[in-house]
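Written below as structure tokens is the structure these notes are about.
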Amino acid sequence: MDPRREIFREMSHELHVFFKRVGKVWIYDELKFLDLEPNMLTGEFRCDSVQSLIDFCAENREYHIISCEGDKIFNKFMPDAHCYYLADRDADPDLVHDLCSQLSSEEFLQVGYTMFAPVLGKIKGSRDT
């Protein structure tokens with residue numbers, strides 16, 4: 001087996017642990033209940049709608065913003081980041097997750113694609129109801 005697959009699994013697990021620790025709020029209906037309108041069903045906010053997160057967090061101190069820039073995810077608001085998420089747990093601004101600390105961005109995408117393409121293909125081609 002390609003050793004990069006195991007590295008990918010470890011990196012994916014570390015990302016999951018990071019998001020769990022900081023309390024990423026990603027459920028669309030939960031965000032809608034909070035009167036927020038994410039750009040994606042995964043709870044992602046883009047630059048043009050981040051002001052709603054800033055305003056929300058100013059009024060609700062138990063929440064904070066996660067910023068994604070390049071291959072890094074920062075547990076704080078960073079102007080001009082690629083995208084943002086809402087979080088409700090550990091707000092330590094020094095927490096950072098480097099998504100591609102062990103694999104390059106290209107390797108990460110290649111390995112991820114080879115691992116998930118067969119699963120997604122099976123789901124897409126499934127006739128089970």
Side-chain angles (χ1 to χ4, degrees):
M1 177 167 77
D2 185 347
R4 295 178 304 167
R5 288 179 71 130
E6 187 57 37
I7 293 170
F8 179 88
R9 283 191 180 109
E10 288 173 20
M11 291 172 62
S12 298
H13 177 72
E14 290 170 3
L15 178 62
H16 174 74
V17 168
F18 176 82
F19 279 147
K20 193 168 182 98
R21 178 176 176 179
V22 300
K24 177 184 167 195
V25 180
W26 62 273
I27 299 172
Y28 183 81
D29 290 336
E30 185 175 348
L31 291 164
K32 291 292 287 180
F33 179 78
L34 295 171
D35 290 327
L36 293 169
E37 184 70 42
N39 296 101
M40 303 287 287
L41 290 174
T42 58
E44 178 181 305
F45 291 80
R46 297 203 181 113
C47 295
D48 59 345
S49 60
V50 72
Q51 189 61 47
S52 64
L53 280 181
I54 294 169
D55 296 342
F56 179 82
C57 290
E59 294 177 17
N60 300 278
R61 296 289 180 185
E62 66 272 22
Y63 292 93
H64 66 282
I65 297 173
I66 301 170
S67 303
C68 301
E69 182 57 44
D71 297 332
K72 293 191 168 103
I73 304 165
F74 299 89
N75 195 34
K76 61 185 174 185
F77 175 73
M78 297 187 59
D80 301 320
H82 174 71
C83 66
Y84 304 90
Y85 294 96
L86 183 67
D88 64 1
R89 291 194 186 135
D90 190 341
D92 180 355
D94 294 329
L95 292 176
V96 177
H97 180 75
D98 186 353
L99 187 59
C100 294
S101 61
Q102 299 176 41
L103 294 175
S104 69
S105 298
E106 186 176 306
E107 287 176 313
F108 185 83
L109 292 173
Q110 287 174 349
V111 173
Y113 177 79
T114 60
M115 291 177 70
F116 293 114
V119 174
L120 296 174
K122 184 175 180 182
I123 291 169
K124 184 178 177 182
S126 176
R127 299 196 186 273
D128 298 338
T129 55

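If you read the sequence from its start, that first residue is 1, and numbering goes on from there. Fair warning: this is a prediction, and the values are worked out from it, not measured in the lab.
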Take H64 and V22, measure what side chain to side chain contact (heavy atoms under 4.5 Å, CB included) needs, and give me the verdict at the end. CA-CA 9 Å; H64 66 282; V22 300; 4.3 Å; yes

Heavy-atom pair of closest approach, residues [X] and [Y]:
| X | Y | answer |
| --- | --- | --- |
| L36 | L53 | CD1-CD2, 4.1 Å |
| D92 | N75 | O-ND2, 2.9 Å |
| N39 | R46 | OD1-N, 2.7 Å |
| P38 | L31 | CG-CD1, 3.8 Å |
| S67 | A81 | CB-CB, 3.9 Å |

State, yes or no, whether a side-chain contact exists between [X] and [Y] at a heavy-atom distance under 4.5 Å.
| X | Y | answer |
| --- | --- | --- |
| L34 | Y63 | yes |
| V50 | F77 | yes |
| P93 | F74 | no |
| E37 | Y28 | yes |

Begin from the C-alpha positions of Y85 and I73 and carry the test side chain to side chain contact (heavy atoms under 4.5 Å, CB included) through to its verdict. CA-CA 10 Å; Y85 294 96; I73 304 165; 6.0 Å; no

Shared hydrophobic cluster, F45 / I54 (ILVMFWY, side-chain heavy atoms < 4.5 Å): yes

Treating Ile, Leu, Val, Met, Phe, Trp and Tyr as nodes and any side-chain heavy-atom pair under 4.5 angstrom as an edge, say whether F56 and Y84 lie in one connected cluster. yes

If I take atom [atom1] from residue [X] and atom [atom2] from residue [Y], how far apart are they, to the nearest 0.5 angstrom?
| X | Y | atom1 | atom2 | value |
| --- | --- | --- | --- | --- |
| L95 | I66 | CG | CD1 | 10.0 Å |
| C83 | M40 | SG | CE | 9.0 Å |
| D55 | N60 | CG | CG | 10.5 Å |
| K24 | L15 | NZ | CG | 7.5 Å |

Applying salt bridge (Lys or Arg N to Asp or Glu O under 4.0 Å), name anything that partners [X], two or more places apart in sequence or on another chain.
| X | value |
| --- | --- |
| R89 | none |
| D90 | R21 |
| K20 | none |

Residues L86, C57; criterion side chain to side chain contact (heavy atoms under 4.5 Å, CB included); working and verdict: CA-CA 9 Å; L86 183 67; C57 290; 3.6 Å; yes

Take atom CG in D48; do more than 12 heavy atoms of anything else shown fall under 6.0 Å from it? yes

